[in-house]
Amino acid sequence: MKTFDKQAALATTVADPRWAAVQARDARADGSFFYSVRTTGVYCRPSCAARPARPENVAFHASAAEAERAGFRPCKRCKPDQLSLAEQHAAMVTAACRAIEQAETTPTLEQLARPSGLSPFHFHRVFKAVTGVTPKQYATAHRSRRVRNQLERGASVTEAIFDAGYNASSRFYETANQVLGMTPSSYRAGGADSEIRFAIGECSLGAILVAQSERGVCAILLGDDPDALARDLQDRFPKARLIGGDHDYERLVAQVVGFIEAPAIGLDLPLDVRGTAFQQRVWRALREIPAGSTASYSEIARRIGSPKATRAVAQACASNLLAVAIPCHRVVRNDGGLSGYRWGVQRKRALLEREAQA
Ligand SMILES: [Zn+2]
């Protein structure tokens, strides 16, 4: 029968560097090993505050499972079979970070704290202690990282914002300077370029946005939601500095609105038409369709000398930024059907009916 060799056990324990950690109750050693006490039958974490054991009764174990296999029970005081407080905090904060990253909108502090069972205040303190930032700062940093990645991959500003979970992009624009160091559009373009003045008004077709560069009117956008029009403009001119209209500018908008209401009178303003050579050809052909008549996509394709390019003609119509001024609403299907319209088929119908009556 094997007898307990007290002297040998004492020598083994004292020679082990882990014994110093146990004597010091060093919490930094928690998790890296456990120790058992032969006389009590329990095992502990190095930091356990229980009465110190005599070294000849101590053995070391790499894991809690190993200590249990050797026949020891977990100490009720330091609960070595459960996560340490530091580990619990780390797990809790990790879960909160994942929740922030996956949420559509940033969870509230209360929502983040709930699974941990801590008060929001306590949770906030623990989160900050573990990560060095507050949950809010973490969420902001995560979102701006996502927006930045998206923009670098070439996504539109609106896409990037919505993908990053900003539920209202106006909120993003408010914080954009802080987050990116400049506005999203100039970030994507790598810097500022031209200035574009714009204003939003109302016409019989709904909201209307008129934008003008140094060269001329560069966008006439129609829609239901003025904010969406402004975002669309920002997306279409990512390099430009957009400036909300001043008083003089309202006159231009009134002029364009007058033209929208009665297209036959024509728009006597310089246009700044930006597009590929092919698009420019299509748009020029569209401007030659008189008010009150229509043309099919394949007719336009023939007129520009590319009879097979019907689909590309349709795409050029869909890319038109100058509603009514470049009358893409006058292009219809071969069978006379209305087909699509960038600004809604209802508006297309209204425009065509109005022009037919004039
Ligand atoms: Zn213990």
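Start at 1 and go down the list; that is how both ligands and their atoms are numbered.
Taking 4.5 Å as the limit, every side-chain heavy atom of V331 sits out of range of all side-chain heavy atoms of S339.
At a cut-off of 3.5 Å, with distance as the only test, no side-chain donor of Q234 or R231 sits close to an acceptor on the other residue. Of the N and O atoms on the side chains of E68 and Y43, at least one donor lies less than 3.5 Å from an acceptor on the other residue. One side chain, S306 or R281, offers a donor N or O that lies under 3.5 Å from an acceptor on the other. If you check the side chains of E101 and Y138, you find a donor sitting under 3.5 Å from an acceptor.
Atom-to-atom distance recorded for L351:CG and C328:SG is 9.0 Å, nearest 0.5 angstrom.
For the Zn ion (ligand 1), the tally of protein N/O/S atoms lying closer than 2.8 Å stands at 4.
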